[in-house]
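Everything numeric in this text was worked out from a predicted model, so none of it was measured. Below, each value reflects all heavy atoms present in this structure, side chains not excepted, and no hydrogens, waters or symmetry copies. In what follows, chains carry the letters A, B, and so on, assigned in the order in which the sequence lines appear, proteins first and then strands, with residues in each chain numbered from 1.
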Amino acid sequence: MTQTTEKGSANDNVEALDYSKTLYLPQTNFPMRAGLPKKEPELVARWQEMGLYRRLREDAAGREKFVLHDGPPYANGNIHIGHALNKILKDVITRSFQMRGYDSNYVPGWDCHGLPIEWKIEEQYRAKGRDKDEVPVNEFRKECRDFAAHWIKVQTAEFKRLGIEGDFDKPYTTMNYHAEARIAGELLKFARSGQLYRGSKPVMWSVVERTALAEAEVEYQDYESDTVWVKFPVTMTIQSDPEKLDLHGAFVVIWTTTPWTIPGNRAISFSKKISYGLYEVTTAENDFGPRPGEKLIFADELAEESFAKAKLEFTRIRDIGAGELASLECAHPLKGFGGGYKFAVPLIDGEHVTDDAGSGFVHTAPGHGREDFDAWMDNARALEARGISAAIPFTIDDAGYFTKDAPGFGPDREGGAARVIDDKGKKGDANKAVIEALIGRDMLFARGRLKHTYPHSWRSKKPVIFRNTPQWFVHMDMDLGDGTTLRDRALKAIDETRFVPASGQTRLRGMIADRPDWVLSRQRAWGVPICVFADDDGNVLQDEGVNKRILEAFEQEGADAWFADDAKERFLGNEHDPSKWHQVMDILDVWFDSGSTHAFTLEDRPDLKWPADVYLEGSDQHRGWFHSSLLESCGTRGRAPYDTVITHGFTMAEDGRKMSKSLGNQVFPQDVMNQSGADILRLWVMTTDYWEDQRLGKSVIQTNIDAYRKMRNTVRWMLGTLAHDEGESVEYEDMPELERLVLHRLWELDKLVDKGYDAFDFKRITRALLDFMVLELSAFYFDVRKDALYCDPPSSQRRRAALQVVHHLFNRLVTWLAPMLPFTMEEAWLSRYPDAESVHLEQFRKCPDQWRDDALADKWAKVRKVRRVITGALEIERRDKRIGSSLEAAPVVHVTDKGLMDAIDGLDMAEIAITSDIVVSSDAPPADAFTLDEVTGVAVVPAMAEGTKCARSWRVTRDVGSDPEFPDVSARDARALHELRDLGRL
RNA sequence: GGGCUGGUAGCUCAGGUGGUUAGAGCGCACGACUGAUAAUCGUGAGGUCGGAGGUUCGAGUCCUCCUCGGCCCA
């Protein structure tokens, strides 16, 4: 329908030719405004339909593999900015290696087991009034599984929307049956090699619910506790100084709010930062308790209030130093009670001791508190060397009763075992029994009550206790049969791993060097079980036949098989007596799950490889995934499952502080994608220093939107220009210097881009490319070449050379940026090559070494110096309203510097400075000529161009009208018009 | 409190082994163009290099302390 109109108008207006229609002006359907929120989902759909992931694999078949192994996010909610940052970085690395000649396969994964999902299901139960304990374990597990599966689906869609490419149809998950079987298999390897052992540890325990609780499952409520000051008789000082013999018969006094833990006491903690003294009672108000003459040791800060509490007067005898304290041993205050407590109670230095309250000494019952346990374990080796057993007693059973490990209070007590807490959560008779025993032996200094906050179960709201419980551990320091320990191996593996940034190595090394044995046990339901059988002493059943049955069952039915009613008999078979073996019902630490992903993903998938080239996660994962994967792999395979570890920092709000719901400064990736586009978010990741914490907020996003627009417009102009590219090639030797200069720069950038991707330093690449586009292309090369590209005749070699360079520029810039901005670069690529499948199936194009020309670059650096003086002079003219367009000028350039003169010799400086003419002179310039301080030897005298303005090119020349057929255009433009007419294009 | 780590223009980043008036892009202001046009080109104004000491002829760069922030522990 437009054709008839055009024909008509062309015939009518031969005289007043609209020259703009005779120019090679940019033409493109690539819009200036991206409309990414609408366009990106269309491209996601396109990639989905064409099976881009599969096509990438086909294309790369046989190439060297590059594997970035995915650290699994947890499947329990929508993605947040941290996920986006993490996946974008992984995607750019994966894509860049694919486009640089590797088979770079990314298999996303999910972490599915664990506490947070259990909570969600429990929460749903509470809402429905159901009781978790009445639901069969495997029914509960099924609901956890469904919950995780749901979020995997949601996150998959969100990741794809971000432009992440990977095997989303076949991801790995820690809960699929094969994974569960392999995780169990890895655990059995630790069991087989003797690295797995049963130890114990205090855990928070709810007597009411008969279950262990995690820190997040308790809440702190007000509670009234019985408090006691207890005297521990000093029995021995290791020092032989006779002046210190006055300690014999003295007492160390401790204070506690849990008298029932006294039977579990094994040590007294003091602090070397506190000053202590020896005190003597002078008068006693009460007729019970300490007598005058009795000697007691207290922290000086707390002595007075303690004596006041017991209604005593006292004098201070002397200082007691830390070294002296460390040498002391006491008897247990209940020594001999029920026939027990005959062990020595040492004094140990503890970081947790303060002189804010109590006596300055902390009663240490390693089975009843985290700090007590840590202090005890820190000293375990030294104590064993002194002949003191480091074993931790199990003084309380799961119902809150004292056991045989608490002589005189357990089943041996008259009337049966005393109890700490009863089934209703009320205080039992344990405190009373202990206090009476202490009074009976005159070991009570004072007693009282204290209102304070105390942990209660989240569910039942009843108080909880710390209780020693059997747990399964992995040895860090056991000889593994080759003279090395797990710790040795892990430290060696860290030395052999590349860390990006390097500080990660120090950080991980420090953690491995210091860490205690690995506790694998969790008293939970949703996870892979510690699928071993143990006897009463904690020895693990070693029978490959049993193990085989377990693993086969898991492979077929998942780890649920362990929790089926007949599991014990089924797995033990006929060879073992079920009454002699306990089926361990603990769940594996989920870090063991994710620490095993390398086994069931990298090793088991033929399209991957072991070890991985790269693991990439947030820097918090030094304690998490990097750590557990390292231990798991070193324990079973003797080396790390990765060659390189990359870490990123965290995303802060604009003011550098943490994002938080309450401050309302959160940025959601979904919002950025819907308002600006995923490519904007990706560009942010690419321009930021991701090894450190990054900032994200309104102005940061705007900065990236602006940068994006600049790049997009540059690409758009290239596309428009290339609309006229007919593919005629020009030999390198035949190209003008300006074109060769640009090719040289492209060659340099090629090296820089390659190095940048190798170093995972993306900001270096985006910075270089953006600067190149702005400073060298848009402001210089394109600006200069517009005249030739728009106006030159079809046959012009200059025009063809420029077109070819723009073609090279386009192909390289677009592919180099494709890993970073996959949506925009795909759009650009398909605009130029409508029949192409995808830019993501392209390889980076190499730049031939022929393009390198350092001498030319040096020369043109000088040319641009001269040009700067010329444009500076024109700016004065423009400011003073003598010219508007630079094409109105034809200045005289005085060049008295030989080097600069040699550089511009033979070049058309008018073309380069975009003026209509230029006169270059070596004469000394007049005094008032324009100069720049930073460029010596160049001075410019402005002048108006002489001649007539060409109606087509707008240059002012003297040859306008030389062709009578086209009287209003210059000779060059007349030639162009002739050629166009001959080609039938006019 | 401990381990690791950071604080350079409004924003994002450069600033080997200490050496002239601390750089870039964007943004901003002003101007030009009107054939990259909600684009393009040019010019310009923005920094006590978190703070204070110290070493040195000379420190954004080295040392000490302080301060604000981050991750992981306690």
Side-chain angles (χ1 to χ4, degrees), chain A residues 18-28 30 32-33 273 351-352 354 370-371 374 501-511 513-515 618-624 627 647-659 683-684 686-689 691-721 761 763-764 766-775 777-780 782-784 786-787 789-791 868 871-872 874-881 883-888 914 933 952-954:
Chain A
D18 176 1
Y19 286 118
S20 72
K21 293 198 171 125
T22 73
L23 297 168
Y24 291 108
L25 292 177
Q27 271 174 16
T28 177
F30 184 81
M32 186 178 306
R33 283 183 61 86
K273 291 173 191 149
E351 300 263 323
H352 60 297
T354 64
R370 183 66 198 277
E371 289 173 331
D374 290 341
S503 57
Q505 193 163 40
T506 325
R507 189 165 174 182
L508 187 55
R509 190 188 289 125
M511 285 176 182
D514 289 345
R515 67 155 298 144
S619 60
D620 59 330
Q621 295 303 318
H622 288 109
R623 178 62 68 186
H627 193 114
T647 51
H648 61 251
F650 281 71
T651 304
M652 300 297 127
E654 212 146 34
D655 61 358
R657 292 167 172 278
K658 226 199 259 252
M659 286 188 188
L683 187 58
W684 162 68
M686 292 300 100
T687 52
T688 201
D689 181 3
W691 340 113
E692 296 300 332
D693 293 344
Q694 330 81 41
R695 297 180 180 208
L696 182 59
K698 239 181 146 185
S699 68
V700 180
I701 290 170
Q702 190 56 47
T703 297
N704 284 289
I705 289 175
D706 292 333
Y708 175 86
R709 283 196 184 139
K710 184 70 201 185
M711 287 198 266
R712 186 176 177 92
N713 274 323
T714 306
V715 168
R716 178 168 184 264
W717 184 85
M718 288 193 278
L719 279 167
T721 298
D761 188 354
K763 65 183 186 319
R764 196 165 135 208
T766 46
R767 164 62 43 198
L769 295 186
L770 185 62
D771 282 354
F772 176 67
M773 287 179 171
V774 171
L775 297 169
L777 295 184
S778 192
F780 180 61
F782 292 168
D783 212 26
V784 168
K786 276 179 200 170
D787 175 69
L789 283 165
Y790 294 177
C791 307
R868 260 199 302 280
T871 51
L874 295 183
E875 193 54 30
I876 306 289
E877 298 306 290
R878 193 172 280 134
R879 192 191 65 198
D880 294 345
K881 304 292 176 197
I883 64 166
S885 163
S886 60
L887 287 175
E888 293 167 35
I914 319 181
D933 291 344
R952 183 165 178 272
S953 68
W954 298 345

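The gap from the C1' atom of B:G2 to that of B:G10 amounts to 37 Å, rounded to the nearest Å. Comparing B:C73 with B:G15, their P atoms sit 32 Å apart, to the nearest whole Å. Comparing B:G31 with B:A24, their C1' atoms are spaced 23 Å from each other, to the whole Å. The P atoms of B:C41 and B:G27 are separated by 10 Å, rounded to the nearest whole Å. Across B:A14 and B:U55, the matching P atoms stand 32 Å from one another, rounded to whole Å. Atom C1' of B:G69 sits at a distance of 25 Å from the matching atom of B:A22, rounded to the whole Å. Rounded to a whole angstrom, the distance from the C1' atom of B:U43 to that of B:G6 is 36 Å. The same atom, P, is picked in B:C57 and in B:C68; the two are 35 Å apart, to the nearest Å.
Pairing partner, B:G69: B:U5, with both Watson-Crick or wobble hydrogen-bond distances short of 3.5 Å. B:U48 makes up no base pair with any nucleotide shown, lacking Watson-Crick or G-U wobble contacts both under 3.5 Å. Across all strands shown, B:A22 remains unpaired; no Watson-Crick or G-U wobble contact has both distances below 3.5 Å.
A:Thr651 and A:Asp693 share no side-chain donor-acceptor pair at under 3.5 Å. Residues A:Ser699 and A:Glu654 have side chains that bring a donor and an acceptor to within less than 3.5 angstrom of each other.
Looking at which nucleotide of RNA chain B each of A:Glu692 and A:Arg952 is closest to, the 5′-most match is held by A:Glu692. Residue whose closest nucleotide on RNA chain B sits further toward the 5' end, between A:Ser885 and A:Leu770: A:Leu770.
In this structure, A:Trp954 packs face-to-face on the six-membered ring of B:G35, meeting both the 5.5 Å centre cutoff and the 30° plane limit.
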Seminar exercise, completed: Letter by letter from the 5' end, nucleotides 7-14 of chain B scores (B base, S sugar-phosphate only, - none; protein heavy atoms under 4.0 Å) ----BBSS
Seminar exercise, completed: The contact string for nucleotides 39-51 of chain B, one letter per nucleotide 5' to 3', using protein heavy atoms under 4.0 Å with B, S and - for base, sugar-phosphate only and none, comes out as SSSSS--------
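Remark: A:Arg767 fails to qualify as a cation-pi partner of A:Phe772 under the 6.0 Å distance and 45° angle criteria applied to the six-membered ring.
Note on A:Leu775: only backbone sugar-phosphate atoms sit closer than 4.0 angstrom, heavy atoms only; bases stay farther off. Note on A:Gly884: only backbone sugar-phosphate atoms sit closer than 4.0 angstrom, heavy atoms only; bases stay farther off. A:Gly656 comes within 4.0 angstrom of sugar-phosphate atoms only, judged by non-hydrogen atoms across all strands, and of no base.
Under the 4.0 Å criterion applied to side-chain N and carboxylate O atoms, A:Asp783 and A:Lys786 are assigned as salt-bridge partners. Ion pairing of A:Lys763 with A:Asp761 is present here, as a side-chain N (NZ or NE/NH1/NH2) and a carboxylate O approach within less than 4.0 Å.
In this structure, CZ of A:Arg712 is placed 13 Å from P of B:U37, rounded to the nearest angstrom. Rounded to whole angstrom, the span from the CG atom of A:Asp706 across to the C1' atom of B:C28 amounts to 11 Å. For the pair A:Lys698 NZ and B:G27 P, the interatomic distance rounds to 17 Å; values are reported in whole Å. Across the protein-nucleic acid pair, A:Leu769 atom CG and B:A24 atom C1' stand 15 Å apart, rounded to whole Å. Atom CG in A:Leu508 sits roughly 15 Å away from atom P in B:C72 (whole-Å rounding).
Under 4.0 angstrom from either OP1 or OP2 of B:A32 there lies at least one side-chain N or O belonging to A:Lys881. Taking side-chain N and O atoms only, A:Tyr790 has a distance below 4.0 Å to OP1 or OP2 of B:A36.
Pairing each heavy atom of A:Thr714 with each of A:Phe782, the nearest pair is CG2-CE1, 3.8 Å.
Taking 90° from 0 as the syn/anti boundary, the base of B:G7 is oriented anti.
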